[in-house]
Amino acid sequence: MKVTEDVLAKLRGILADPDRLLTSDADLYSYSFDASFGLHKPEAVCQPVSTEETAGIVRIADEYEIPLCPRGRGTSLSGGPLPVQGGIVIDFSLWNSKLVIEEEDLIAIVSPGVITADINNAANEFGLMYPPDPSSAHVSTIGGNLAENAGGPRGLKYGVTKDYVLGLEIVTADGKVVRTGGKTVKNVTGYDLTKLIVGSEGTLAIITEATLRLIPKPQASLTCMVLFDEIVDAGRAISKVLGSGIMPSKMEIMDQSSIIAVEEYASLGLPVDVEAILLIELDGHPLAIEEEMQRVAEACKEVGARSVQVAKDKKEEAELWQARKLVSPAIVKIKPTKISEDATIPRSQIPEMFRRLKAIKEKYKIHLVVFGHAGDGNLHPNIITDQRDPEEMRRVELAVEDIFKAAIELGGTLSGEHGIGTMKSPFMEMELGKDGLALMKSIKTAWDPKNILNPGKIFPEEGERFELRNG
Ligand SMILES: Cc1cc2nc3c(=O)[nH]c(=O)nc-3n(C[C@H](O)[C@H](O)[C@H](O)COP(=O)(O)OP(=O)(O)OC[C@H]3O[C@@H](n4cnc5c(N)ncnc54)[C@H](O)[C@@H]3O)c2cc1C
């Protein structure tokens with residue numbers, strides 16, 4: 001169904017402030033994209049700031065069978081918040097009013113529009129930490145992180161968003177408000193609906209509140225930058241360090257193309273003649289990590305590292321991490337269109353994945369940049385291209401297909417953290433098989449029989465093939 005005047009009037013009646021219903025063309029256009037590729041304009045945008053308003057919007061959508069697309073800050077790299085079938089976007093970015101730290105229980109209770117970094121900053125004031133740290137943490141919302149099960153550099157040691165969710169308040173597809181889980185670390189009462197909703201990309205329920213687990217903040221950290229003449233050696237260094245009994249808090253990789261892009265963008269003094277840089281962070285007791293850092297350096301040198309530079313102070317440490325943070329903004333200076341993948345493989349296959357990515361880059365003559373959370377096998381092969389060039393886009397499509405095939409063949413997965421959205425749905429059967437996909441679909445049908453919650457995401461349409469279409 002379309003969003004009619006009748007529907008708009010009802011939505012206006014739900015929102016306490018009618019200005020939080022957006023219908024002008026300019027407003028709708030600004031909700032038609034995310035950080036991925038497509039362009040899809042909604043028919044209306046609602047900006048709820050309470051559970052009652054959210055449930056009211058869902059009930060109207062249920063009655064009129066109108067697609068609903070929840071949205072945080074639109075930083076998704078897989079098309080997640082795009083209204084591919086039209087309908088209403090529910091923008092949660094204004095709803096950041098609740099951020100409560102309950103120190104004794106080591107938990108945070110948050111509304112869906114709270115910025116992720118603000119949770120960690122608030123926890124830090126109590127000597128606590130919220131570990132999940134997507135590189136977009138300063139701009140993305142906890143609602144978006146929960147829906148995508150976001151990871152980040154610290155995922156290597158601390159896990160991802162789902163490992164820190166104790167309970168949720170959700171609105172179901174027919175507008176009911178339900179609580180899952182609770183405040184306790186242990187909870188085995190029935191099915192774990194909390195974990196099912198986390199990572200469901202807004203297709204099963206809408207998240208209106210989350211109870212998150214916090215941990216004590218580590219006392220200290222140390223960072224080093226390791227240079228490699230051969231990228232394959234950087235891959236071997238990861239297994240070597242982990243195999244030596246050390247669990248770094250972060251282990252990030254930048255390939256030569258990312259290093260050159262960052263250097264041209266920000267002149268940080270990075271060595272542009274190396275094939276790869278590993279940035280490794282250790283956290284814990286100051287004396288322990290100093291000793292561990294020596295062992296990390298030895299392990300890296302054993303597999304051919306050119307040099308290991310340990311940051312002398314917090315300023316130098318921040319400068320090293322700045323290099324990694326600048327990769328995304330730097331590479332879009334090369335060409336206007338960025339196709340960002342996050343095919344993930346078992347750690348042991350990292351050297352082989354690098355070999356295959358090199359071969360794909362040469363075969364299709366594309367600009368392929370690789371960086372990412374190498375310590376957990378979560379690489380980010382990014383293709384930098386120009387969507388106005390149809391011949392190049394065709395080569396890019398074939399390269400993306402080959403990247404996914406390589407990841408699956410090596411025992412990996414289509415996505416480690418960015419989600420499926422619209423960008424990877426045609427490949428779902430390749431990873432899950434027909435029966436696995438059907439089982440997942442049966443959950444969607446049971447929870448959302450009218451298919452109004454974020455339709456067109458995760459599941460491929462009948463006979464759909466992969467195509468990088470814009471619109
Ligand atoms: C420069 C850059 C770096 C990034 N780095 C990382 C990284 O290190 N790790 C990582 O995992 N991701 C990363 N991302 C991807 C992105 O930031 C994450 O997927 C993030 O979780 C999206 O949050 P958001 O608030 O922008 O949500 P959106 O992009 O607006 O939405 C994402 C998904 O969540 C759903 N959603 C949003 N709010 C709700 C809600 N309240 N209830 C139900 N569903 C909801 C949407 O429908 C959509 O499917 C990066 C992106 C960029 C641009």
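Start at 1 and go down the list; that is how both ligands and their atoms are numbered.
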### Query
How long is the span from the CZ atom in Phe371 to the CG atom in Leu279, to the nearest 0.5 Å?
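So the gap between those two atoms works out to 13.0 Å.
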### Query
So, are Lys450 and Asp174 salt-bridged, with charged N and O less than 4.0 Å apart?
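No.
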### Task
Output yes when Glu281 and Arg154 qualify as a salt bridge under the 4.0 Å nitrogen-oxygen rule, no when they do not.
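Salt bridge flag = no for Arg154 with Glu281.
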### Task
Output the set of protein residues with a heavy-atom contact under 4.0 Å to ligand 1, ordered first by chain identifier and then by residue number.
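Contacts of ligand 1 under 4.0 Å: Ala35, Pro70, Arg71, Gly72, Arg73, Gly74, Thr75, Ser76, Leu77, Gly80, Pro81, Phe92, Pro112, Pro134, Ser135, Ser136, Ser140, Thr141, Gly143, Gly144, Asn145, Ala147, Glu148, Ala150, Gly151, Gly152, Glu201, Gly202, Ala205, Ile206, Ile207, Ser328, His373, Glu417, His418, Asn454.
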#### Entry: Stepwise salt bridge (Lys or Arg N to Asp or Glu O under 4.0 Å) test for Asp27 and Lys41
CA-CA 10 Å; Asp27 280 334; Lys41 212 165 72 161; over 6 Å; no
### Task
Could you check Arg71, Glu201, Lys457 and say which one makes a side-chain contact (heavy atoms from CB on, under 4.5 Å) with Pro81?
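By the side-chain contact (heavy atoms from CB on, under 4.5 Å) criterion, Pro81 pairs with just one of Arg71, Glu201, Lys457: Arg71.
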### Message
Under the rule for salt bridge (Lys or Arg N to Asp or Glu O under 4.0 Å), what residues qualify as partners of Glu169, not counting sequence neighbours?
### Response
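With neighbours one apart ignored, the set is Arg179.
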